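So you know, we letter chains A, B, ... as the sequences are listed, proteins then strands, and number each from 1. Every value quoted in this text rests on a predicted model; they were computed, and no experiment measured them.
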Amino acid sequence: MNSEQQKKYWKENLKYLAILLSIWFLASYVFGILLVEQLNTISLGGFKLGFWFAQQGSIYVFVILIFVYIKLMNSLDKKYKVNE
Amino acid sequence: MDIQTWTWILVGITFTLYIGIAIWSRASSTGEFYVAGKGVHPVANGLATAADWMSAASFISMAGIISFGGYDGSVYLMGWTGGYVLLALLLAPYLRKFGKFTVPDFIGDRYYSNKARIVAVCCALLVSFTYVAGQMQGVGIVFSRFLEVDITTGVIIGMIIVLFYAVLGGMKGITYTQVAQYCVLIFAFMVPAIFISIQMTGNPIPQIGFGSSGADGVYLLDKLDGLHRELGFHEYTTGSKSKIDVFFITAALMVGTAGLPHVIVRFFTVKKVSDARKSAGWALLFIAILYTTAPAIALFARTNMIETVSNQPYDEMPQWFKKWETTGLITFNDKNNDGIIQYVANKEANELDVNRDIMVLANPEIAGLPNWVIALVAAGGLAAALSTAAGLLLVISSSVSHDIIKKIVNPNISDKGELVAARLSAVAAVCVAGYFGVNPPGFVAAVVALAFGLAAASFFPAIVLGIFYKKMNKEGAIAGMVFGILLMLFYMLKFKFGVFDGGKTAVDALKKDWWFGISPEGFGTVAMVVNFIVSITISKLTPPPPKEVQEIVDNIRIPSGAGEAVDH
């Protein structure tokens, strides 16, 4: 792999990281902490939504994020032929 | 059969299992001892990471903390899981590609300096020792409460078991015992949770029962909020901590998780870079099972407890109440001599003190579950404490034998000699940990929580910058680590221990002086940001790293060619 391609691979990787980490921040810090009162006015079954995000939802989102990342990176590795 | 017989049987079976695995998976080279020969399957590694990660604190204390704190407890739930996203995305794949044995290895090579390596070794030892003392104490507590042996005997039994499989098997032995320990601990955690969820809500899935209604048709969370209001506590679903503090504590725990050496080192044990990513995913999935159940247990236990004791006559208390009273974990002081238990927020009028650990340990008894379920909790608590202790001991022994002896003191040592050194340092580390387990210094519990702040303030920026910022040099990294950890230590000593203002008694009065209203637990985030700023500023003012180092950085960004671990 030449250095031109290497740069491109790295750039695409960084783009994925930016998107996934924004969602990570949103699900925990924004929904679970910063906007928790506002979201608590909405209810989800027996949960207040903000409380649900803080104690349940954020964790589900984290798990999904890592598996999405694995999928994205595996196909990125294939595209640039750096997979093993 | 009574609880104690059941406990002996279950603990005996699980311990035999761990020892059997240890004999089967002995380590014969340093590669096997430090990183299990880099041949662990990602799912097995995920299971082992989960057990490594979930300590006595996660298993025994966390649900209790949430139970008493309500929404405030969310910092642990988000903090101790969200860190895995950072690990998977920012650290694990690159460190695996780098392909060495320890975290100080990476710091030392990436920053081409033995000074940086020594700073990293000191941070790793500081973090790991504080943490492991807490685990041994956890082992002692479980033994003494369930088996009625004294704490010292309990700690010694635990030490012998850990010694056996950590010293014999190294990382290889630890990995496969941790897989077994995860299965034991998750089973022990889930069985009572499912039983209680069915009892209280009719739904077998605790995560759903959490948001369901009880027999009276009222949502459990609404009911508990109501009970809390009545008794003068803050509402369960809103909490009492300030928003800024919740934010910073969560961040410190997340970043600290990603910076803990005994967790990072687990990602060195898989075959290739894509496996490192996969293990992080599996690890978090396995951890999430416990972490999404814990808040449900917290709610069930809290509701159950208040309904059982509040405004009830003391004489009519059930068996478990009396039993835990004798251990001193429940204390009742009938201040107004009416023979009725007043459990209220007001400290003057409150007559009942409940230790938070009871919420998990006594939960099955409170719910009236069969004896074998109660015994299971003891086996689970031991699995959680032993698995974490073993992982930490490995970090300590490899720091000594690899990072100090092999890399600094005697680079010519043979592989065999290093393996002996590794085993001996593991023995020494177990003894030190055992000593602290028997004679816990008063600060252990407090420091365990702060270990995360220390890890966040020291390792995380140095590793992330080492991967994502090619121009990062040794001057910047060393200054950042030293400044970050000193700032964190200063804040801890000042506001957690009151060292500069006349000792522990001054701590409460100092709360109003917290910088920006941030508690010592959350200050790791600030120290981490300071570390980042110092590192980048200094590196801009000093010469960039040599060309070979910049090539290393280019190389770790590409997943292919990870290969076997090379010992330089």
Side-chain angles (χ1 to χ4, degrees), chain A residues 1 3 5-7 9-10 13-14 16-21 23-25 27-37 40 43-74 76-78 80-84, chain B residues 66 70-71 73-75 77-79 81-90 93 207-208 210-213 218-222 236-239 243 246-247 250-251 254 271-275 277-278 280-285 287-288 291-292 294-296 298 468 554 557-562:
Chain A
M1 178 192 243
S3 69
Q5 270 201 308
Q6 205 166 326
K7 267 194 192 129
Y9 170 84
W10 188 244
N13 178 10
L14 291 182
Y16 289 154
L17 293 187
I19 297 168
L20 294 172
L21 287 177
I23 301 172
W24 165 82
F25 187 80
S28 47
Y29 295 95
V30 178
F31 293 162
I33 300 174
L34 297 173
L35 296 180
V36 72
E37 288 91 3
N40 272 348
S43 55
L44 178 83
F47 292 109
K48 295 173 180 168
L49 192 57
F51 178 81
W52 181 79
F53 262 106
Q55 302 212 334
Q56 296 275 301
S58 56
I59 303 176
Y60 300 137
V61 173
F62 297 152
V63 176
I64 295 166
L65 278 179
I66 300 187
F67 281 99
V68 169
Y69 169 74
I70 295 168
K71 230 180 143 34
L72 287 174
M73 288 310 283
N74 281 348
L76 187 69
D77 289 356
K78 263 202 201 105
Y80 285 88
K81 299 197 181 60
V82 290
N83 56 324
E84 284 183 299
Chain B
I66 302 167
Y71 171 78
S74 314
V75 297
L77 294 167
M78 288 188 280
T81 53
Y84 277 84
V85 178
L86 296 176
L87 251 175
L89 272 56
L90 302 178
Q207 287 83 345
I208 298 174
F210 192 16
S212 305
S213 47
V218 183
Y219 285 124
L220 286 180
L221 281 163
D222 290 341
Y236 189 79
T237 54
T238 51
K243 192 171 282 241
V246 171
F247 189 100
T250 307
M254 280 197 193
K271 225 177 227 129
K272 46 190 188 188
V273 172
S274 58
D275 285 350
R277 296 184 197 127
K278 273 185 216 153
W282 288 113
L284 184 59
L285 179 69
I287 291 168
Y291 272 63
T292 52
F468 288 86
D554 276 331
R557 290 177 177 184
I558 305 298
S560 54

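- Heavy-atom pairs under 4.5 Å with chain A peak, among B/K278, B/K243, B/K272, at B/K243.
- Contacts with chain B were tallied for A/I33, A/V63, A/V61; A/I33 has the most, counting heavy-atom pairs under 4.5 Å.
- Heavy-atom distances place both the backbone and the side chain of A/F47 under 4.5 Å from chain B.
- Between the side chain of A/Q56 and the main chain of B/T292, a donor-acceptor pair closer than 3.5 Å is present.
- In this structure, the separation between CG on B/L77 and CZ on A/F62 is 10.0 Å, given to the nearest 0.5 Å.
- No donor-acceptor pair closer than 3.5 Å links the side chain of A/K48 to the backbone N or O of B/T237.
- Side-chain contact between A/Y80 and B/S560 is absent, with no heavy atoms from C-beta onward closer than 4.5 Å.
- Contacts between B/I287 and chain A at a heavy-atom distance below 4.5 Å are absent for every atom of the residue.
- Neither the backbone nor the side chain of B/L220 comes within less than 4.5 Å of any heavy atom in chain A.
- Using a 4.5 Å cut-off on side-chain heavy atoms (C-beta onward), B/L86 and A/L21 make contact.
- Neither the backbone nor the side chain of A/Y16 comes within contact range of chain B; no heavy atoms are under 4.5 Å apart.
- Using bins of under 30°, 30° to 60° and over 60° for the plane-to-plane angle, the ring pair B/F247/A/Y29 lands in the tilted bin.
- For B/A296, no part lies under 4.5 angstrom from a heavy atom of chain A.
- Using a 4.5 Å cut-off on side-chain heavy atoms (C-beta onward), A/L14 and B/F468 make contact.
- Residue B/R277 holds its CZ atom at 8.5 Å from CD1 of A/I70, rounded to the nearest 0.5 Å.
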Are A/W24 and B/M254 close enough, and set up right, to give a side-chain contact (heavy atoms from CB on, under 4.5 Å), and what steps lead you there? CA-CA 11 Å; A/W24 165 82; B/M254 280 197 193; 3.2 Å; yes
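- With a 4.5 angstrom heavy-atom cutoff, B/S213 does not touch chain A via any of its atoms.
- Both the backbone and the side chain of A/S28 come within less than 4.5 Å of a heavy atom of chain B.
- For the atom pair CG of B/D222 and OG of A/S43, the computed distance is 8.5 Å after rounding to the nearest 0.5 Å.
- Chain B forms the most heavy-atom pairs under 4.5 Å with one residue out of A/N13, A/V36, A/L20, A/L34, and that residue is A/L34.
- When each of B/V218, B/T81, B/I208, B/D554 is scored by its heavy-atom pairs under 4.5 Å with chain A, the top score falls to B/T81.
- Looking at A/L44, neither its backbone nor its side chain comes within 4.5 Å of chain B, counting heavy atoms on both sides.
- Using a distance-only test at 3.5 Å, with no hydrogens or angles considered, a donor-acceptor pair links the side chain of A/Q55 to the main chain of B/G70.
- Rounding to the nearest 0.5 Å places CE of B/M78 at 8.5 Å from CD1 of A/I59.
- Residue A/I66 comes nearest to B/G281 through the heavy atom pair CG2-CA, 3.4 Å, listed as atom of the first residue, atom of the second, then distance.
- Heavy atoms closer than 4.5 Å to chain A are found nowhere in B/V75, neither backbone nor side chain.
- Other residues, nucleotides and ligands contribute over 12 non-hydrogen atoms within 6.0 Å of the CH2 atom of A/W52.
- Counting only heavy atoms from C-beta outward, the side chains of A/M73 and B/V273 never approach each other to under 4.5 Å.
- With respect to B/P559, the side chain to side chain contact (heavy atoms under 4.5 Å, CB included) criterion is satisfied by exactly one of A/N74, A/L76, A/D77: A/D77.
- Ring orientation note: the planes of B/Y71 and A/F51 are tilted relative to one another, at an angle of 30° to 60°.
- In terms of heavy-atom pairs under 4.5 angstrom with chain A, the leader among B/G82, B/A294, B/A298 is B/G82.
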